[in-house]
Amino acid sequence: MQIGYVHVLESKELLLNLLPDFQLLREPIQVVFAPGASLLEYAYMDAEGLRAIFDSMTMEECTFSHSDELQAWIDASAHIHAKLNVYLFLFAQTVRAAQQYENFYAALNYLRNVLPDAKVFHAELTIPSDWKLWIGRIVLDAMLTAQRRLRKDLDRLFEASREQYPNNTCLQRYYLLGTSELHHCAPPGGFAFTVQPDKLLAGRDKDEQAEALSAGQTHLLPAYALTRVTDLIAFDIFMLAMSNSVVKRCLHCGRWFSPRGRSDTEYCDRFTESGKRCSEIGATLRFEALHKDDEIQQLYLKAYRRMDSRKRQLKHLAPKVKNWGKEARAMRRKCYNGEITVENFRHWLDETTQRT
C-alpha cells in the first residue's frame, strides 16, 4: 500500500506529497521542510499535549451532522497541523484515513499496513462503541512509540557513534550503524526511488498529464515512495546524515537541535517550564554556574537583582536603574583588573543600591 512520495528539491529541502485518498482533503496539502527540522521537533513533542490534540480531533469529528461541515473542519485543522509539524500532520491524516472505513476491523487492517508500530487488536475483540476514538488512540500510541525510538536513534547517531567512530563523518557513522543499531534506517536494499510529478496528477488521463507537464504546470522530480508512515522518519534521518548538518545537544535542556543561525549556538529555541526559551535563559544560567565561586560576580548579581526588583515595582525608576547598570559593570571591570579591591566594590554597591 502506498500513501505518497517525498521529493528532494534543488534547494535540498524535502517536499511531502501524500496521495489524495490518504489526505482526504478538497485540496491536497504539500509540505516543504528542511531535513531534520520537523524531525527534531517531533522527537521531543510533549506526550500529554499530543494526547490532547488527538482526543480533541477525533471527538470533534464525531460531532458534525453534515458532511460539508465536517470536510470544512478537516481541511482547516489539517492546514494547522501541517504548519505546526509535518509529522503531526502525517499521523493526524493517518487517523482520518483509517476512520473512513465503515468496519472497525477493516480500519485496523489498514493500520497494520501503513503503521507497523500500531498495537492493533485481535479479531475476536468486541468492537468498542466509540471505535473511531480508539483509532485515534492507536495511532497516537504508534506515534509515541516511533518518537521514543527516534530519540534513541538520535542519541546513537550523534553521540554514541561519535565516540565509537571519532574520525568519521555523520553519513559514515550512519552507514556503520545500519539497521542493526538504528531503528529508523534505510532498508538493506536501499530506498525505493522513482520519478513523480511535484504536483499530484491523480484523476487525470494521460493526455491531460502530458499537457500539464509540457506547459510547466508540474515537473518530474526524483521521489521516494512512502508505503508506511514511519518511512518518512527513516528518509528524514538519512537526509539529515547526508547533509552533514550541525546537530548539537542543547546545553540547557539536553535535547538535540540544529542551529538555525550561527553554527556555534549552544542553546535551542524550545520553551522551558518557566515559559522562556532555552536560548533566552541558557547562556545566563551557564554564566552563573561558571561564576558561582566568583565573589566579584556574585556581589554584582546580588545588587543587580535588588535593583531589577525595584525597577519592576516602580516603573519610573527604569532610566535610573539602567544608568546604574552601566556604572556597576564599569566598577566590576575595575575590580577584575585590580584597580579597586573587592571591599571597595562591595562598599560601592551597598551605597548605590540604598533606597533614597
Side-chain angles (χ1 to χ4, degrees), residues 33-57 80-92 140-141 143-160 162 170 184 233 236-237 240 245-294 297-313 315 318 321-322 325 328-329 332:
F33 56 103
S38 283
L39 188 77
L40 293 171
E41 285 182 13
Y42 159 54
Y44 300 105
M45 281 184 169
D46 176 64
E48 289 307 311
L50 289 173
R51 194 177 307 281
I53 290 174
F54 274 71
D55 281 353
S56 172
M57 178 182 72
I80 293 172
H81 295 150
K83 286 182 180 179
L84 289 174
N85 185 277
V86 67
Y87 290 97
L88 177 59
F89 168 64
L90 184 58
F91 280 95
L140 172 63
D141 181 74
M143 184 180 185
L144 296 177
T145 299
Q147 183 189 55
R148 288 191 294 271
R149 290 172 172 171
L150 171 59
R151 288 199 291 263
K152 290 180 180 178
D153 284 348
L154 294 173
D155 289 342
R156 290 190 187 105
L157 183 59
F158 296 111
E159 189 168 63
R162 188 173 288 166
C170 186
H184 299 293
I233 300 176
D236 205 351
I237 290 180
L240 181 61
S245 299
V246 176
V247 177
K248 296 182 173 184
R249 194 184 286 280
C250 175
L251 291 182
H252 181 55
C253 70
R255 298 170 177 178
W256 295 106
F257 77 105
S258 184
R260 296 178 182 175
R262 294 175 48 174
S263 60
D264 61 349
T265 300
E266 301 292 350
Y267 301 94
C268 70
D269 288 326
R270 297 183 181 95
F271 285 99
T272 65
E273 292 181 357
S274 68
K276 293 185 178 180
R277 297 181 185 273
C278 286
S279 54
E280 292 180 77
I281 65 174
T284 301
L285 291 176
R286 182 166 170 77
F287 182 84
E288 290 181 3
L290 290 172
H291 290 83
K292 64 179 181 180
D293 297 323
D294 182 341
Q297 178 63 13
Q298 291 305 312
L299 287 171
Y300 167 77
L301 286 176
K302 183 178 179 181
Y304 173 81
R305 288 169 183 149
R306 188 185 307 148
M307 295 296 285
D308 186 61
S309 175
R310 199 173 298 168
K311 179 187 71 175
R312 282 187 273 112
Q313 293 174 9
K315 302 293 185 183
V321 173
K322 184 178 180 180
R329 288 189 291 274
R332 181 182 59 178

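The shown structure was predicted, so the numbers you read here are calculated from the model rather than taken from an experiment. This chain uses plain numbering: 1 for the first residue, then up along the sequence.
- The pair D153-R156 counts as a salt bridge, with a side-chain nitrogen and a carboxylate oxygen less than 4.0 angstrom apart.
- Listed by chain and residue number, A43, Y44, Q147, R148 satisfy the side-chain contact (heavy atoms from CB on, under 4.5 Å) test with R151 (two or more places apart in sequence, or in another chain).
- Across R51 and L140, no two heavy atoms sit closer than the pair CA-CD2, 3.4 Å.
- For Y304, the OH atom sits in a loose shell: 12 or fewer heavy atoms of surrounding residues, nucleotides or ligands are nearer than 6.0 Å.
- If you take CD1 on I237 and CG on L39, they are separated by 5.5 Å, rounding to the nearest 0.5 Å.
- Side-chain contact between Q297 and R332 is present, with at least one heavy-atom pair separated by less than 4.5 Å.
- Distance check: I53 CD1 to M45 CE gives 7.0 Å after rounding to the nearest 0.5 Å.
- A salt bridge does not link D264 with K248: every distance from a Lys NZ or Arg NE/NH1/NH2 to an Asp or Glu carboxylate oxygen is 4.0 Å or more.
- Side-chain contact between S245 and P35 is absent, with no heavy-atom pair separated by less than 4.5 Å.
- Going from atom NE2 of H184 over to atom NZ of K152 covers 10.5 Å, rounded to the nearest 0.5 Å.
- Take R149 and apply the salt bridge (charged side-chain N to carboxylate O under 4.0 Å, His left out) test, not counting sequence neighbours, and it matches D117.
- When side chains are defined from C-beta on, R255 does not count as touching L154, because their heavy atoms never get closer than 4.5 Å.
- D236 places a side-chain N or O within 3.5 Å of a backbone atom of G36 that can act as its donor or acceptor partner.
- Taking both residues in full, the closest heavy atoms of S38 and F33 are given as OG-CB, 4.3 Å, listed atom of the first, atom of the second, then distance.
- The CG atom of L40 lies 7.5 Å from the CG atom of L150; values are rounded to the nearest 0.5 Å.
- Nearest heavy-atom pair across C170 and L157 is O-CD1, 3.9 Å.
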Quick one, I281 with H252, criterion side chain to side chain contact (heavy atoms under 4.5 Å, CB included). Give me CA distance, side-chain angles, the key distance, then yes/no.
CA-CA 8 Å; I281 65 174; H252 181 55; 3.5 Å; yes
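- Scanning all heavy atoms of the two residues, the minimum distance from R249 to G254 falls at NH1-O, 2.7 Å.
- A distance of 14.5 Å separates CG in N85 from CD1 in I80, rounded to the nearest 0.5 Å.
- D308 is listed as a side-chain neighbour of K311, based on a closest heavy-atom distance under 4.5 Å.
- In terms of heavy-atom proximity, Y267 sits nearest to S279 at CB-CA, 3.7 Å.
- Annotation: side chain of L88 is not in contact with side chain of Y42 (no heavy-atom distance under 4.5 Å).
- Under the 3.5 Å distance criterion, the side-chain polar atoms of T272 are left unmatched by any main-chain donor or acceptor of R277.
- The backbone N or O of R305 sits nowhere less than 3.5 Å from a side-chain atom of S309 that would complete a donor-acceptor pair.
- For the pair W256 and E159, the minimum side-chain heavy-atom distance is below 4.5 Å.
- Side-chain atoms of D269 and C278, non-hydrogen and from C-beta on, never get closer than 4.5 Å to each other.
- When all heavy atoms are compared, the tightest approach of F54 to A92 is CZ-N, 4.1 Å.
- Atom CG of L144 sits about 9.5 Å away from atom CG of D46, to the nearest 0.5 Å.
- Taking the side chain as every heavy atom from C-beta outward, T265 and R260 never approach each other to under 4.5 Å.
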